[in-house]
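Note that the numbering runs from 1 along the sequence shown for the chain.
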Amino acid sequence: MNETRFPWEEAMTLGLGTLRMPPETFWRMTLPELAAAARALRPHTEAPMGRLALDRLMRTFPD
């Protein structure tokens, strides 16, 4: 059985290192809160794929 484990080392590096949160704050956060904090570092991301692009992709790769 191959389990996927949560990347705690990366999460701690983000929260405690990059965002410079006190440990008490980091450990009280929920994962959605941590994800929101991470998104704040990269607020300008690409928009999700639109329906036309998805249809084109599905025609190109019908499997």
Side-chain angles (χ1 to χ4, degrees):
M1 178 187 275
N2 185 8
E3 291 183 25
T4 302
R5 298 186 182 264
F6 185 78
W8 283 111
E9 188 171 323
E10 290 88 351
M12 290 187 295
T13 299
L14 171 69
L16 302 172
T18 305
L19 297 173
R20 298 177 180 251
M21 294 177 178
E24 299 81 19
T25 301
F26 174 79
W27 289 112
R28 287 179 182 225
M29 292 182 90
T30 64
L31 292 178
E33 290 169 337
L34 182 60
R39 282 192 304 275
L41 297 174
R42 297 175 55 192
H44 302 289
T45 60
E46 283 188 36
M49 181 183 300
R51 183 66 201 192
L52 292 176
L54 176 60
D55 288 341
R56 190 176 323 116
L57 187 63
M58 289 172 64
R59 281 192 306 275
T60 305
F61 303 100
D63 59 335

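In this structure, Glu9 places its CD atom where only 12 or fewer heavy-atom neighbours from other residues, nucleotides or ligands lie under 6.0 Å away. Atom CZ of Phe6 sits in a crowded spot, with more than 12 heavy atoms from other residues, nucleotides or ligands closer than 6.0 Å.
In terms of hydrophobic clustering, with Ile, Leu, Val, Met, Phe, Trp and Tyr side chains grouped at heavy-atom distances under 4.5 Å, Leu41 and Leu31 are assigned to a common cluster. Placement of Met58 and Phe61 within a single hydrophobic cluster is found when ILVMFWY residues are connected by side-chain heavy-atom separations under 4.5 Å, directly or transitively.
Taking all atoms of both residues into account, the shortest heavy-atom contact from Leu34 to Ala11 is CD2-CB, 3.8 Å. Heavy atoms only, all atoms of each residue included: Leu19 and Ala37 are closest at CD1-CB, 3.6 Å. Annotation for Ala53 and Met49: closest pair CB-CG, 3.5 Å, computed over non-hydrogen atoms. Among all heavy-atom pairs drawn from Glu33 and Arg28, the shortest one is OE1-O, 4.3 Å. What you find for Ala38 and Leu14 is that their closest heavy atoms are CB-CD2, 3.5 Å. For Trp27 against Met12, the heavy-atom pair with the smallest separation is CZ2-SD, 3.6 Å.
Using a 4.0 Å cut-off between charged side-chain N and carboxylate O, Arg51 and Asp55 make a salt bridge.
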